[in-house]
Amino acid sequence: MTMEAHSTIPVATQPKEQPKEKHHNESYSALVWRRLKRSWTGLLGLILVSLLVLMALFADFLSPVDPKATGVGFAPPQAISFHDKDGNFVFPPRSYPVRETEELDPITFQPVIGPDYDNPQILGFFVKGAPYRLLGLIPAERHLFGAVDGTAVHFLGTDKFGRDVLSRILHGSRISLMIALIVVFIVTVVGTTVGMVSGYFGGRFDAWVQRFVELVLAFPQLPLYLALASLIPVTAPTSVFLAFVIVVMSALGWAQMSREVRGKTLALARIDYVRAAIAIGATDRRIIFQHIFPNVMSHVIVAVTLSIPQVVLLESFLGFLGFAVKPPLISWGLMLQDTANYSAIGSYPWILSPVAFVLVTVFAFNALGDGLRDAIDPY
């Protein structure tokens, strides 16, 4: 009877197996990216930093003019116009070149500069211009924008030698960002290593290392920069001068990073898993680089993004004083030497254009660093 009762149970009433829920393990990088996307300032900083890197890599393609070509000195920026000289709407857009007239300025007695409406320059994209090597390898002569006939168009005017300001800014980003990245890389490697080793071993070794770090931090950096930079002869090759500036900046910048990493290491060296690694006989090198280093990486990444704008500002300041980059190299600081004369700023304000790019760079890296700080270590 039991078998009969059991056989009469409808099949539909039998319990169904519930589908198993799928659990996805989110990686640490995915978690950081999800947190970073919540910060609009951090995301904006990431976009701007990416654009700055692309601008430095493809400066030749983006530059409308050869940055070393000369022309009319202190020519004002050329506007993009959709009208001809009679006021009629035209397309594609055009720009009117700047030329010297026969009239003289009553104050400076220099020829008056004005647009030449009789010879308009038709503008377009992917136009032919000065030849270059894309990424230093591929021969090319196409530029993103410029005049269709290949003549020079100065969208941000020219400097005192008649060189295009916009093209020099784009090329100058290479040197300024290269100096910043190399200096920060050296500072990070040396400072992180010294800080972890000093904080891990402690004792008398840590005391002696910290006295040396305090000695480096005690140097007045700006007078020392100027004194060391003045030791290089003016006739020295530009590569030697540039390498010397990078070495000097790195030698005076690693100490602060070392002090910060040491403080993190002192706390991490007393955590249980580090003590367990010591108990099972792990080597000091393995403990430092396999257990402590991954835990200080979050602080190091944020410190790197916040250190890059400081180096950019320092290079711009030293370049303004003439102690950083020498011609024929181009950097934002070197371009700002033209602004040392107040009369030049008042008469030719477009020579201050590199300042805008410096400000954007500083804001981009600071915003990215602030967003990464909240994303990597929200507590």
Side-chain angles (χ1 to χ4, degrees), residues 28-29 31-32 35-36 42 45-46 49 177 179-221 224-225 246-279 282-315 362 365-379:
Y28 179 68
S29 58
L31 179 63
V32 171
R35 290 172 177 168
L36 181 62
L46 178 61
V49 168
L177 292 180
I179 292 176
L181 293 177
I182 293 177
V183 169
V184 171
F185 175 77
I186 298 174
V187 166
T188 302
V189 172
V190 176
T192 302
T193 303
V194 173
M196 289 191 303
V197 172
S198 176
Y200 174 75
F201 287 106
R204 184 174 298 180
F205 176 77
D206 179 51
W208 281 103
V209 171
Q210 293 310 306
R211 299 297 79 77
F212 179 71
V213 170
E214 292 172 359
L215 178 64
V216 176
L217 291 174
F219 278 110
Q221 294 191 4
L224 190 60
Y225 282 131
I246 292 175
V247 170
V248 171
M249 289 185 179
S250 304
L252 298 178
W254 66 269
Q256 184 62 37
M257 175 73 76
S258 172
R259 180 63 62 87
E260 296 174 1
V261 173
R262 172 184 174 268
K264 294 283 185 180
T265 305
L266 287 174
L268 293 171
R270 294 169 176 80
I271 294 181
D272 292 338
Y273 64 82
V274 175
R275 293 180 179 272
I278 296 175
T283 62
D284 295 331
R285 180 179 179 181
R286 179 178 178 81
I287 293 173
I288 292 174
F289 291 101
Q290 295 293 331
H291 297 284
I292 295 179
F293 179 68
N295 289 278
V296 301
M297 271 301 296
S298 60
H299 177 81
V300 170
I301 292 174
V302 174
V304 165
T305 56
L306 296 178
S307 299
I308 291 177
Q310 297 177 4
V311 179
V312 171
L313 286 174
L314 180 60
E315 185 278 328
V362 173
F365 281 100
N366 282 333
L368 178 60
D370 187 66
L372 285 176
R373 180 175 55 192
D374 297 335
I376 293 176
D377 190 10
Y379 306 107

Is there side-chain contact between [X] and [Y], with at least one heavy-atom pair below 4.5 Å?
| X | Y | answer |
| --- | --- | --- |
| W254 | V216 | yes |
| L217 | Q256 | yes |
| I179 | M249 | yes |

Give the minimum heavy-atom separation between [X] and [Y], together with the two atoms involved.
| X | Y | result |
| --- | --- | --- |
| G195 | V261 | C-CG1, 4.1 Å |
| G45 | A367 | CA-CB, 4.0 Å |
| M257 | A303 | CE-CB, 3.7 Å |
| V194 | S258 | CG1-OG, 3.5 Å |
| R286 | A282 | CD-CB, 4.4 Å |
| V311 | A180 | CG1-CA, 3.6 Å |

Could you pull out all residues at least two apart from [X] that satisfy side-chain contact (heavy atoms from CB on, under 4.5 Å)?
| X | value |
| --- | --- |
| I301 | M297, L372, I376 |
| L268 | I271, Y273, I292, N295, V296 |
| R204 | W208 |

### Ion pair R373/D370, N-O distance below 4.0 Å
yes
### Message
Tell me whether R285 at atom CZ has more than 12 heavy atoms from other residues, nucleotides or ligands lying less than 6.0 Å away.
### Response
no
### Query
If you draw a 6.0 Å radius around CZ in F205, do more than 12 non-hydrogen atoms from other residues or ligands fall strictly inside?
yes
### By side-chain hydrogen bond (donor to acceptor under 3.5 Å, both in side chains) - contacts of N366 (at least two apart)
none
From [X] atom [atom1] to [Y] atom [atom2], the distance as rounded to the nearest 0.5 Å:
| X | Y | atom1 | atom2 | answer |
| --- | --- | --- | --- | --- |
| L368 | L36 | CG | CG | 7.0 Å |
| I246 | F185 | CD1 | CZ | 12.5 Å |
| T283 | I278 | OG1 | CD1 | 11.0 Å |
| L181 | I186 | CG | CD1 | 11.5 Å |
| F219 | E214 | CZ | CD | 13.0 Å |

### Message
Looking at R211 and A207, would you say the former's side chain and the latter's main chain have a donor-acceptor pair under 3.5 Å?
### Response
yes
### Pairs where residues 288-310 contributes a residue and the test salt bridge (Lys or Arg N to Asp or Glu O under 4.0 Å) is met, not counting sequence neighbours
none
### Message
Show me the pairs that pass side-chain hydrogen bond (donor to acceptor under 3.5 Å, both in side chains) and involve residues 187-202, at least two apart or across chains.
### Response
S198-D206, S198-Q210, Y200-D284
